[in-house]
Amino acid sequence: MKKTIILSALCMLFAVSCSKGIVEIDENNVNNPSKNLEKKTFSIENDVTRTFIDGKIIKWEVGDKIGIMDNIDNTVVREFSVESVSEDGRKAIITGEVTQGADFFAAVYPVDAANSVDFQSSKITFTIPSSQTLSTSCNHDKLAIVSAAFLDNGKFIFKNAFSLLKFKMTQENVSKVILRNTGSAPLAGTSTIDFSDDLSVTIAGTTKSITLSGEFENEKEYYIALAPCQMAGTMELFFASDEKQSIAYKTTEKTFT
């Protein structure tokens with residue numbers, strides 16, 4: 001995907017770049033009917049060239065939950081947990097259970113975002129939430145920052161599957177920030193990342209608004225996660241409190257990803 005920047009006052013939209021990865025499989029390994037489970041341990045990494053939030057790489061933490069799918073039960077998402085993390089937070093070890101006899105695996109973070117995987121076409125389907133909540137001590141919702149990976153050479157190297165809207169809070173007592181697109185492009189919902197096509201992301205959802213809730217501080221920068229898309233029509237960003245809602249930024253420029 002191409003990097004994209006759109007500036008409107010203090011508001012900026014940019015697409016997170018991805019890098020290509022292709023997984024080839026043996027068709028004979030697909031659709032094995034066995035349902036017995038076995039314990040597995042995998043190594044995971046974040047691509048160092050991927051997302052930076054406030055100048056810091058998004059880091060793994062012990063207890064993070066990741067969804068794993070295999071080539072036998074490719075629509076069943078099994079929860080794996082991060083057991084240990086490297087000093088820099090980029091690498092981790094996860095454990096959980098998979099279908100016994102499975103040979104190929106796909107992963108999505110967070111686990112609740114995972115939907116299914118098509119190993120034949122190297123595509124992973126996931127969901128970007130339209131309702132987001134600021135995580136503790138964060139300027140974004142950690143569970144909206146979706147990434148995905150196929151197991152390759154014994155480890156998962158996660159690639160980002162989202163874009164970010166960066167904005168600066170300019171009001172007091174705001175409890176919600178609402179992003180709306182008056183054009184045709186959806187902003188959230190069911191999406192698919194294609195590892196055989198330069199990690200392109202397509203979205204099947206129709207949701208054209210995203211709400212970020214939490215305790216916002218005036219003059220601080222925040223992020224909303226959304227699907228990579230072509231933003232046509234008018235993009236509006238609203239700051240809302242319990243008493244009122246006011247438009248903060250508005251642009252009619254097009255954004256291409």
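This is a predicted model, so every value here is computed, not measured.
By the 6.0 Å contact criterion, NZ on Lys176 is open, its count of non-hydrogen atoms from other residues, nucleotides or ligands being 12 or less. Within 6.0 Å of CD on Glu38 lie more than 12 heavy atoms contributed by other residues, nucleotides or ligands.
Both Phe104 and Ile193 belong to a common hydrophobic cluster when Ile, Leu, Val, Met, Phe, Trp and Tyr are linked at side-chain heavy-atom distances under 4.5 angstrom. A single hydrophobic cluster is seen to contain both Phe239 and Phe216, as judged by linkage of ILVMFWY side chains at heavy-atom distances under 4.5 Å, directly or through other members. Hydrophobic clustering (ILVMFWY, side-chain heavy atoms < 4.5 Å, transitive): Val82 and Val98 are in one cluster. Linking ILVMFWY side-chain heavy atoms closer than 4.5 Å, directly or via other members, places Phe119 and Leu199 in a single hydrophobic cluster.
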Begin with the C-alpha distance, continue with both residues' side-chain angles, and end with the deciding distance and a verdict on side-chain contact (heavy atoms from CB on, under 4.5 Å) for Ile66 and Val111. CA-CA 4 Å; Ile66 295 168; Val111 61; 5.7 Å; no
Report the C-alpha distance between Ile145 and His140 in whole Å, list the side-chain angles of each, state the deciding distance to 0.1 Å, and finish with yes or no for side-chain contact (heavy atoms from CB on, under 4.5 Å). CA-CA 8 Å; Ile145 305 298; His140 61 285; 3.6 Å; yes
Criterion side-chain contact (heavy atoms from CB on, under 4.5 Å) on Ser147 and Lys159, from CA distance to verdict: CA-CA 5 Å; Ser147 56; Lys159 309 295 183 180; over 6 Å; no
Does Thr95 form a side chain to side chain donor-acceptor pair (under 3.5 Å) with Lys39? I'd like the steps, not just the answer. CA-CA 7 Å; Thr95 59; Lys39 187 174 181 179; 5.4 Å; no
Should Leu237 and Ile178 be marked as a side-chain contact (heavy atoms from CB on, under 4.5 Å) after you check the CA-CA gap, both sets of side-chain angles, and the distance that decides it? CA-CA 6 Å; Leu237 192 69; Ile178 303 166; over 6 Å; no
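Applying the salt bridge (Lys or Arg N to Asp or Glu O under 4.0 Å) definition to pairs two or more places apart or across chains, none involves residues 107-133. Evaluation of the ring-ring contact (aromatic ring centres under 6.0 Å, His included) test over residues 170-191, restricted to residues two or more places apart or in two chains, returns none.
Taking the salt bridge (Lys or Arg N to Asp or Glu O under 4.0 Å) definition, one finds that Glu45 meets it with Arg90, Lys155, sequence neighbours left out. The ring pair (Phe, Tyr, Trp, His ring centres under 6.0 Å) check on Phe80 picks up Phe42, with sequence neighbours excluded. Under the rule for a side chain to side chain contact (heavy atoms under 4.5 Å, CB included), the partners of Val76 that lie at least two apart in sequence or sit in another chain are Asp73, Arg78. For Ser130, the side-chain hydrogen bond (donor to acceptor under 3.5 Å, both in side chains) test picks out no residue, with sequence neighbours left out.
Rounded to the nearest 0.5 angstrom, Leu179 CG and Met235 CE are separated by 6.5 Å. Distance CZ/Phe167 to NZ/Lys220: 11.0 Å, rounded to 0.5 Å. From Asn139, atom CG reaches atom OH of Tyr223 across 6.0 Å, with rounding to the nearest 0.5 Å. The distance from atom OG1 of Thr207 to atom CG of Leu187, rounded to the nearest 0.5 Å, is 8.5 Å. Note: Ile128 CD1 to Ser191 OG = 4.5 Å, rounded to the nearest 0.5 Å. Interatomic distance, Asn181 CG to Ser209 OG, rounded to the nearest 0.5 Å: 10.0 Å.
In terms of heavy-atom proximity, Ile210 sits nearest to Ala225 at CD1-O, 3.4 Å. Annotation for Phe162 and Val146: closest pair CD2-O, 3.0 Å, computed over non-hydrogen atoms. Of all heavy-atom pairs spanning Val174 and Ala240, the tightest one is CG1-O, 3.4 Å. Taking both residues in full, the closest heavy atoms of Ile68 and Phe105 are given as CG2-CD2, 4.3 Å, listed atom of the first, atom of the second, then distance. Summarising the geometry of Asp194 relative to Ser121, their closest heavy-atom pair is OD1-O, 3.6 Å, with the distance given to 0.1 Å. When all heavy atoms of Pro186 and Lys208 are compared, the closest pair comes out as CA-CG, 4.0 Å.
When side chains are defined from C-beta on, Ile203 does not count as touching Thr190, because their heavy atoms never get closer than 4.5 Å. No side-chain heavy atom of Ile224 sits less than 4.5 Å from a side-chain heavy atom of Lys166.
The backbone N or O of Ala149 lies less than 3.5 Å from no partner atom in the side chain of Tyr109, so there is not a single donor-acceptor pair. Of the possible polar contacts, none joining the Asp141 side chain to the Gln132 backbone as a donor-acceptor pair under 3.5 Å is found. Remark: the backbone N or O of Asn71 is not paired with any side-chain donor or acceptor of Asn74 at under 3.5 angstrom.
Screening Ile94, Ile93, Leu151 for a side chain to side chain contact (heavy atoms under 4.5 Å, CB included) with Ser43, the sole residue that qualifies is Ile93.
Classification of the Phe158-Trp60 ring pair by plane angle, with boundaries at 30° and 60°, yields perpendicular.
With 3.5 Å as the limit, one finds a donor-acceptor pair spanning the side chains of Asp70 and Thr99. Between the side chains of Ser200 and Asp198, no donor N or O sits under 3.5 Å from an acceptor N or O. For the residue pair Thr125/Thr192, the side-chain donor-acceptor check at 3.5 Å is satisfied.
Between Glu97 and Lys40, none of the side-chain N atoms (NZ, or NE/NH1/NH2) sits under 4.0 Å from a carboxylate O, so this pair counts as no salt bridge.
Between Phe156 and Phe150, the distance separating the two ring centers is not shorter than 6.0 angstrom.
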